[in-house]
2 protein chains.
Amino acid sequence: MSDTDIFKVLADPTRRAVLERLADDELTATQLREGFAISQPAMSQHLAVLRGAGLISERREGRFAHYRVAPDGLAPLHAWIARYRAFWPSRIDNLKDLLKEMDQ
Amino acid sequence: MSDTDIFKVLADPTRRAVLERLADDELTATQLREGFAISQPAMSQHLAVLRGAGLISERREGRFAHYRVAPDGLAPLHAWIARYRAFWPSRIDNLKDLLKEMDQ
DNA sequence: CGCTCACATAAGCACAGACTTATGTGATTC
DNA sequence: GAATCACATAAGTCTGTGCTTATGTGAGCG
C-alpha cells in the first residue's frame with residue numbers, strides 16, 4: 001500500500017467518518033450506514049476500499065459482516081510524517097506536548 | 001483548509017515529492033521542475049495547490065518565485081491523527097519511540 | 001422450499017482532477 | 001524598446017472516482 005494510495009483513501013470524508021465510528025465499537029455494514037445519506041452499495045464500496053488499504057478488517061458471522069479498525073493501517077501515514085521530523089522541529093514539539101498530555 | 005482538502009493535496013505523488021525537495025532548501029519553480037517529467041504549467045499548478053493548502057509559502061524576487069515549506073501546514077494532518085490516539089495505543093507507542101530516537 | 005435479509009458486484013453516469021498546448025504578464029537583458 | 005526569461009492563467013482533453021440503480025449470492029426464517 002503506497003503513500004499515494006493511503007492519502008487517496010483517507011481523502012474521502014465518508015471513509016474518514018467510518019474510521020471514526022469504528023473507533024469505539026466493531027460495527028456491521030448496516031449499522032455503519034446509519035446517519036449517512038448514502039446507498040447501501042456506496043457504503044459497501046467504501047468498506048472494500050478501506051479494507052483494501054488495510055485500514056479496517058472484516059469478521060464474517062453468518063450473513064453479517066463486522067468491521068473494526070486495523071491497528072497497523074495508519075503506519076504508512078506515520079512513516080511519511082516521520083520523514084519531516086528533521087526540518088520541522090516546531091511541529092514535532094507540539095506533537096511531543098500532545099503525547100505528554102496523553103500520559104496524564 | 002479542511003481535512004479532506006489536506007488529504008487530497010497530499011494524495012498527489014508529485015506534490016509530496018515537491019515537499020520533500022523543499023525540505024532542505026528554498027527553491028524556485030524552475031529548480032523544482034528539474035528531475036520531473038512534467039511541463040512548466042503543470043508544476044505551476046501543483047505549486048498553486050500546495051500554496052492554497054498552506055503547505056508552502058512563496059517569496060517573489062523579480063521574476064523568480066522562491067518556494068519553501070510552511071511549517072504549520074501539516075498541522076491539520078497532525079490534528080486528525082491525534083484524534084486516534086485514544087483507541088490506537090500501540091501506534092502511539094511507536095511514535096513515542098520515534099520521538100525518543102529523535103532526541104539523541 | 002420460497003421469501004427476506006445482509007451484503008457484494010455490475011454497469012453506467014457525472015463530476016473532479018491532472019495533464020497538455022497556447023497565451024498572458026511582468027521583469028531582465030541587449 | 002524588442003526579445004527573452006520565469007512564471008501564471010486559459011482552455012480543452014482524458015482518466016479516475018464516487019455515486020446511482022439493478023442484480024447476484026448466500027444465510028436465516030416462515
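Atoms considered below: every heavy atom in the structure, side chains included; atoms not considered: hydrogens, waters and symmetry mates. Order of the sequence lines fixes the chain letters, A, B, ..., with proteins taken first and strands second; residue numbering starts at 1 for each chain.
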Side chain of [X] only, heavy atoms from C-beta on: which candidate in [options] is closest?
X: B/T28; options: D/dT20, C/dC19, D/dC7; value: D/dC7
X: A/P41; options: D/dC19, D/dC7, C/dA8; value: C/dA8
X: B/A65; options: C/dC19, D/dA8, D/dT20; value: D/dA8
X: B/T30; options: D/dC7, C/dA18, C/dT9; value: D/dC7

Discussion item. Heavy-atom nearest nucleotide on DNA chain C for A/F64 versus B/A37: which residue maps closer to 5'?
Written reply: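 Nearest-nucleotide comparison on DNA chain C picks A/F64.
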
Look at all strands and tell whether [X] reaches a base, only sugar-phosphate, or nothing, counting heavy atoms closer than 4.0 Å.
X: B/Q31; result: nothing
X: A/R33; result: nothing
X: A/E61; result: nothing
X: A/R51; result: nothing
X: B/A29; result: sugar-phosphate
X: A/I38; result: sugar-phosphate

Short side-chain to backbone donor-acceptor contact, [X] and [Y], under 3.5 Å:
X: A/R51; Y: A/S57; answer: no
X: B/Q31; Y: B/T28; answer: yes
X: A/R16; Y: A/L10; answer: yes

Fill in: A/H46 side-chain N/O to D/dC19 phosphate OP1/OP2 under 4.0 Å
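Affirmative; the distance criterion is met.
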
Worksheet item: Taking OP1 and OP2 of D/dT20, is either one under 4.0 Å from a side-chain nitrogen or oxygen of A/S39?
Response: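 True: A/S39 side-chain N/O within range (under 4.0 Å) of D/dT20 OP1/OP2.
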
To the nearest angstrom, how far is [X] atom [atom1] from [N] atom [atom2]?
X: A/L50; N: D/dG18; atom1: CG; atom2: C1'; result: 13 Å
X: A/Q45; N: C/dA8; atom1: CD; atom2: P; result: 10 Å
X: B/F7; N: C/dG17; atom1: CZ; atom2: P; result: 16 Å
X: A/R60; N: D/dG26; atom1: CZ; atom2: P; result: 11 Å

Fill in: Option from A/D12, A/V18, A/V69, A/T14 for which side chain to side chain contact (heavy atoms under 4.5 Å, CB included) with A/L50 holds
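Output: one option passes, namely A/V18.
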
Item to complete: On DNA chain D, check which nucleotide each of A/G62 and A/M43 is closest to and give me the residue with the more 5' one.
Response: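 Its nucleotide being nearer the 5' end, the pick is A/M43.
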
Discussion item. So, under a plain 3.5 Å distance rule, would you say the side chain of A/Q40 forms a donor-acceptor pair with the base of C/dA6?
Written reply: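 A donor-acceptor contact between them is absent.
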
Worksheet item: Between the base of D/dC5 and the side chain of B/R63, is there any donor-acceptor pair under 3.5 Å?
Response: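 Indeed there is one.
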
Item to complete: Might you work through the side-chain hydrogen bond (donor to acceptor under 3.5 Å, both in side chains) test for A/H66 and A/E58, ending with a clear yes or no?
Response: CA-CA 6 Å; A/H66 300 268; A/E58 189 193 61; over 6 Å; no

